[in-house]
Structures are given as C-alpha cells and as structure tokens.
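What follows is one structure encoded as structure tokens, with my remarks underneath.
Atoms considered below: every heavy atom in the structure, side chains included; atoms not considered: hydrogens, waters and symmetry mates.
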Amino acid sequence: MTLVRVDTDRGVTTLTLDSPHNRNALSTPLMTELLDALAAAVADPAVRVVVLSHTGPVFCSGADLKETAAAYASGQVPVGMLGDVLAAVVECPKPVVARIGGPARAGGLGLVAAADIAICATEATFAFTEVRLGVIPAVISSTVLRRLSPRAAQALYLTGELFDGARAVEIGLATAAVGAEELDATVRSYCAALVRGAPGALAGTKELLTRAPLASVREDAAELGARSVGYFLSEEGREGVAAFREKRDPAWIPG
C-alpha cells in the first residue's frame, strides 16, 4: 500500500500523505516513503516546487502511537526517524509548500514549520499535544522554534491547547490562512509565483535564508531525537500513549 502519493504537473510535484486510516500518522513506512519521494523530487531537474499535502480531513496527527506502543519492547520508537524527515524538507534546494487543509498535531507541526511556505485553512486546528502524552516536543523544536515567537512557544508547548489557522499565522507557524474553499487556489498561486524563479537562484536564496540554522538542523534533530526517544520510553510516556489509545485520562491527571 502506497502511503505517499506523488503527482507532478508543470514543474510542481505534490507529495500527498495518503494514510487517512490513522490520520496520516508519521509511521516508519510513511516517513520512509516521504524521504524517498523528497529525494526523487530533488534529483529530478523538471521539478521546481514541492507541495506537501494530504488525503482525508487531517493533515498529520503526529507520531504513530500504535506503532510506538508496539515498538516499546525493542526500544526503537519511530519518532527517532522524524529528524531525518524534517532535515530533508529544510535542506531541499527546491521551495517546499505545505498545504494544510485540516488538523495538525505534534510531529505534524514539525512538517509545517519545516516547509518554506505553509498555507492552511482558517478552520484547521493545531496543538503541541506532547506534554499531554507524557513526552516532549523535542525533535520538532529544530524547525518549530525558528518560527514561533518565544511567548507563543512557551504557552502552546506547555499547555498543549488547540489554536486555529489565524493564530498559526499570527505566531509565525503558517504563512497564510484562508477559507477551505480558497485553499487549493491559494497554493496554486504561490506555486505559480515560485516556478517563475530561476532554479539555481531559488536554491541559493533558500541557502541564504536558512544559512544560520541549516547546519544545526540535523545536529539538533539528532540530539533532540535521542531525548525524545527517552521520554517515549519513560513510565510517563508509556502511560500517556496507552491512555490516548484507550481514550481515557492518563494517571497523572488529578481525580
């Protein structure tokens, strides 16, 4: 079963997360396919712009908690691979546009932040839900903290509260928020503008824009990834994942 669909039209390659049965969760197979698709897009000179999109009502629900729970015995939880995915998006020499038509949670926000341009539906919701699962938003911080204002990051990281597309733009996570009926047209408009840029100049401009943090993205993601795995394997992390899957409150919530 293909989990990432690839479509190319007039220089724009759309990579569509196509795992709606688990809300496009970041499973190892999905991340592997996404890395391969990104590499192929980079290698193809006909590709000028990459769009990250999704099927189903959810953009990305974050880590695949079913796979995470099953992997506890081996100690190799799938979140460890997310750093490679985020770095690949940031390092892509071609502009990357994220099309967010629905909710994004946790690791999904790392993808949104890694993209050069992020267009979301105003009605889309976002949340850094990690603390409510007994873990921390470690790996995604390599891309997210470059976008968010410090006060917004503190409030949203620590509370795990929901916020909408307008708030995502206000705090720097998204480029623009539009009505759902305008989303595709807005993404096409940005892509049309991007393909007018010379490929070499676009790659050079991306390098200029990311020069300061670029070298540290992989290093930060690797270091933070190790910390994140530790939290997922902790007693709190195991309880948080179990509670989420069993649709109950975790044990740490006061009765």
**OP:** Please list, chain by chain and in numerical order, all residues satisfying ring pair (Phe, Tyr, Trp, His ring centres under 6.0 Å) with Phe244, sequence neighbours excluded.
**Re:** none
Original post:
Closest heavy-atom contact between Ala153 and Leu145?
Top reply: CB-CD2, 3.8 Å
**OP:** Identify whether Leu202 and Val90 are in the same connected component of the hydrophobic contact network (ILVMFWY, side-chain heavy atoms under 4.5 Å).
**Re:** no
Original post:
Are side-chain N/O atoms of Asp18 and Thr55 paired as donor and acceptor at under 3.5 Å?
Top reply: yes
Original post:
Quick check: does any side chain N or O of Thr16 sit under 3.5 Å from a backbone N or O of Ser53, one acting as donor and the other as acceptor?
Top reply: no
Original post:
What are the two closest heavy atoms between Ala124 and Ile100, and how far apart are they?
Top reply: CB-O, 4.3 Å
**OP:** Please check if any side-chain donor atom of Thr8 sits under 3.5 Å from a side-chain acceptor atom of Thr13, or the reverse.
**Re:** yes
Original post:
Quick one: does Asp184's side chain get under 4.5 Å of Arg99's, heavy atoms only?
Top reply: yes
Original post:
Looking only at heavy atoms, which two atoms of Glu33 and Val4 are closest? And how far apart?
Top reply: OE1-N, 3.0 Å
**OP:** Can you spot which of Pro57, Cys60, Ser61, Pro103 makes a side chain to side chain contact (heavy atoms under 4.5 Å, CB included) with Arg23?
**Re:** Ser61
Subject >> Pair Arg167 + Glu170: basic N to acidic O under 4.0 Å >> reply: yes
Original post:
What closest approach, in Å, do Thr129 and Ala106 show between heavy atoms, and which atom pair accounts for it?
Top reply: OG1-CB, 3.9 Å
Original post:
Would a hydrophobic clustering, with Ile, Leu, Val, Met, Phe, Trp and Tyr connected at side-chain separations under 4.5 Å, put Val112 with Val51?
Top reply: no
Subject >> Under 3.5 Å: donor-acceptor pair, side chain of Ser189, backbone of Ala185 >> reply: no
**OP:** State, to 0.1 Å, how close Ala121 and Ala180 come at their nearest heavy-atom pair, and which atoms those are.
**Re:** CB-CA, 4.3 Å
Original post:
Does Leu34 belong to the same Ile/Leu/Val/Met/Phe/Trp/Tyr cluster as Val12, with side-chain heavy atoms less than 4.5 Å apart forming each link?
Top reply: no
Original post:
Does any N or O in the side chain of Arg10 come within less than 3.5 Å of the main-chain N or O of Ala192, such that one atom is a donor and the other an acceptor?
Top reply: no
**OP:** Mind telling me whether Phe59 and His54 have parallel, tilted or perpendicular rings, with 30° and 60° as the class edges?
**Re:** perpendicular
Original post:
Will you find, in the side chains of Ser141 and Tyr157, an N or O donor that is under 3.5 Å from an N or O acceptor?
Top reply: yes
Original post:
When rounded to the nearest 0.5 angstrom, what is the spacing between OG1 in Thr14 and CG in Asp9?
Top reply: 8.0 Å
Original post:
Got a donor-acceptor contact below 3.5 angstrom from the Asn24 side chain to the Val58 backbone?
Top reply: yes
Subject >> Student check: side-chain heavy atoms of Met31 and Pro29 closer than 4.5 Å >> reply: no
Subject >> Short N-O contact, Arg132 and Glu161, less than 4.0 angstrom >> reply: yes
